There are 2 protein chains.
Amino acid sequence: MAETTRDRILDAALRAYGTEGFAVTSLDALADQLGIRKQTILYYFPSKQAVFEAVIDAAAVDLVKAFDEEASRGLVGLDQVEAIVRRVFRLAVAQPELLGLIREVTRPGSLSADRLATQIAPVLDRARDFLQREMDAGHLRRSDPEMLLLSLYSTVVGVATELEVQRAMGLPPTLRGTVARRQELTRFLRAALEPAD
Amino acid sequence: MAETTRDRILDAALRAYGTEGFAVTSLDALADQLGIRKQTILYYFPSKQAVFEAVIDAAAVDLVKAFDEEASRGLVGLDQVEAIVRRVFRLAVAQPELLGLIREVTRPGSLSADRLATQIAPVLDRARDFLQREMDAGHLRRSDPEMLLLSLYSTVVGVATELEVQRAMGLPPTLRGTVARRQELTRFLRAALEPAD
DNA sequence: CAGACTCTCTACCAATTGGTAGAGAGGTCT
DNA sequence: AGACCTCTCTACCAATTGGTAGAGAGTCTG
């Protein structure tokens, strides 16, 4: 199965947008990187913004696929959540551009509110529904699924950011070490912050 | 003490670069926001890049000042570190643009390697020296100060990112709640990740 | 008052940007 | 062969960008 030109563009765009950023990556630069002209890109996509949105779509599809695969393995409750979180982390570690993309998406004005709703919401909805179902089935302690989702999401982004910082500082990023260190430091930080406001 | 035009420019630039990003914020946009022409900005700064670097300088000065103030209060060891970390967090919470600025700086190619060395290194050096001194004095458990510094740094960035995500999702960001939730989730994540690679 | 200095402006420029128009090459179907 | 379709190209454009040149207004200094 040969990789189509369109796929190659999406690949390169994910890498570029995730590391350099959407705004600073011109169509020309993207095309150069692929050895084609930018007009070829504009043949496959109506605009630069459309490339961005297609990249997000593809990433969302990947996430949903990973989610579903993990969810279809018959685990329940915490085991299920564990498996999914681990899988998402594996995705983030294997594809560090994904984190950059997330940051790019959350940047104000990068995506119109309705596109955000159309593209991101389904992923979040799926996750929220899953958590709700598991709670209803008694597999998870009952709490506000919205808050739990937010917690999971921000934690994933936070941990992934730490990994990226480590990478940026020239240290080999290790998920295991990060999580262990985080636990240690979090206990300390809690003590540090508790007495104050 | 009236705020000089230069200060107003730096203020607006910090806000704009931290939230929207450096690349997407044109000098025209920055000037419009201040009710002046971009040539006025270029009177105070030789180039757009220089504005960016001045913003970073100012932020670094703020950080160093906060650091020194906290360090001069006569605390030792963990109490000292606690006070400093708490202070840095207060800065990050009061000025959320600071986090965006950090992300902007760590973006590849945003700052030349030597400018990075000139501007960021002093802050890190100061922190590393401080940790080393405290270890030598027996106030902190002896470990690799480089690693401890990295841990503290990435944790601060990670927590700050979580706060920002919460803000982006329309929830009031609370440092207390984030830290508490993080501890809970970290324990869970550790369990989730421990058995795997 | 004369001159210098500080500051903000108008006018302009070269380069880059995202995007359009349309030609041409190659293959496929009738 | 001829019409059609897919794809990539050359050529071009309008808008925006960072940056320069220099005039003009205000203030301070002699």
Side-chain angles (χ1 to χ4, degrees), chain A residues 1-58 100-101 104-105 107-112 115 119, chain B residues 1-58 100-101 104-105 107-112 115 119:
Chain A
M1 51 177 286
E3 204 181 16
T4 70
T5 303
R6 191 174 192 276
D7 288 340
R8 290 183 59 226
I9 294 172
L10 284 180
D11 263 17
L14 169 61
R15 229 174 309 122
Y17 296 165
T19 58
E20 310 287 335
F22 172 69
V24 291
T25 306
S26 69
L27 288 179
D28 280 319
L30 203 56
D32 276 0
Q33 203 173 311
L34 288 166
I36 60 176
R37 305 294 143 235
K38 75 170 166 190
Q39 285 77 359
T40 303
I41 297 178
L42 287 169
Y43 169 76
Y44 289 100
F45 304 91
S47 70
K48 185 192 180 188
Q49 184 73 19
V51 179
F52 186 45
E53 286 162 4
V55 167
I56 296 169
D57 270 339
L101 189 68
E104 207 68 22
V105 169
R107 164 162 303 175
S110 83
L111 216 55
S112 69
R115 284 238 48 122
Q119 298 191 303
Chain B
M1 51 178 284
E3 204 181 16
T4 69
T5 303
R6 191 173 191 279
D7 288 340
R8 290 182 60 226
I9 294 173
L10 284 180
D11 263 18
L14 169 61
R15 228 174 310 122
Y17 295 165
T19 59
E20 309 288 334
F22 172 69
V24 291
T25 306
S26 69
L27 288 179
D28 280 318
L30 203 56
D32 276 359
Q33 204 172 309
L34 289 166
I36 60 177
R37 303 296 142 234
K38 75 171 165 190
Q39 285 78 357
T40 303
I41 297 177
L42 288 169
Y43 169 77
Y44 288 101
F45 304 92
S47 70
K48 186 192 178 187
Q49 183 74 19
V51 179
F52 186 45
E53 286 163 4
V55 166
I56 296 169
D57 270 339
L101 189 68
E104 207 67 22
V105 168
R107 165 162 302 176
S110 84
L111 214 57
S112 70
R115 285 240 44 125
Q119 298 191 302

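As the structure is a prediction and not an experimental result, all values here were calculated from the model. Hydrogens, waters and symmetry mates are skipped; everything else that's a heavy atom, side chains included, is used. The chains referred to below are lettered A, B, ... by the order of the sequence lines, with proteins before strands, and numbering in each begins at 1.
The distance from atom CG of B:Asp32 to atom C1' of D:dT16 is 13 Å, rounded to the nearest whole Å. Taking atom CD of residue B:Glu20 and atom P of nucleotide D:dT17, one finds them 13 Å apart after rounding to whole Å. A:Ile41 has its CD1 atom 10 Å from the P atom of D:dC9, to the nearest Å. Rounded to whole angstrom, the span from the NZ atom of A:Lys48 across to the C1' atom of C:dT16 amounts to 12 Å. B:Arg37 places its CZ atom 12 Å from the P atom of C:dT8, with the value rounded to the nearest Å. Distance, B:Asp7 CG to C:dC7 P: 12 Å, rounded to whole Å. Atom CD of A:Gln39 is separated from atom C1' of C:dT17 by 12 Å (rounded to the nearest Å). D:dC7 atom P lies 11 Å from atom CD1 of A:Ile9, rounded to whole Å.
Side-chain atoms of A:Lys38 and base atoms of C:dG18 include a donor and an acceptor less than 3.5 Å apart.
Between A:Lys38 and A:Ala31, the shortest heavy-atom contact is N-CB, 3.4 Å.
Phosphate contact (OP1/OP2 of D:dT6, side-chain N/O of A:Tyr44, threshold under 4.0 Å): absent. OP1 and OP2 of D:dC7 both lie 4.0 Å or more from every side-chain N or O belonging to A:Thr40. For A:Thr5 and D:dC7, the shortest distance from a side-chain N or O to OP1 or OP2 is not below 4.0 Å. Contact check, A:Ser26 against C:dT17: a side-chain N or O comes under 4.0 Å of OP1 or OP2. Neither OP1 nor OP2 of C:dT8 sits under 4.0 Å from any side-chain N or O of B:Tyr43.
For the atom pair OH (B:Tyr43) and OG1 (B:Thr5), the distance works out to 10.0 Å, reported to the nearest 0.5 Å.
Nucleic acid contact class of A:Leu27 (heavy atoms, under 4.0 Å, all strands): sugar-phosphate only.
Considering A:Leu14, A:Ile41, A:Thr25 as possible partners of A:Val51, the one that fulfils the side-chain contact (heavy atoms from CB on, under 4.5 Å) test is A:Ile41.
Counting only distance, with no hydrogens or angles, the side chain of B:Thr40 and the backbone of B:Ile36 share no donor-acceptor pair below 3.5 Å.
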Note to self: Is there a side chain to side chain contact (heavy atoms under 4.5 Å, CB included) between B:Thr4 and B:Tyr44? Walk through the geometry before answering.
What the structure shows: CA-CA 11 Å; B:Thr4 69; B:Tyr44 288 101; over 6 Å; no
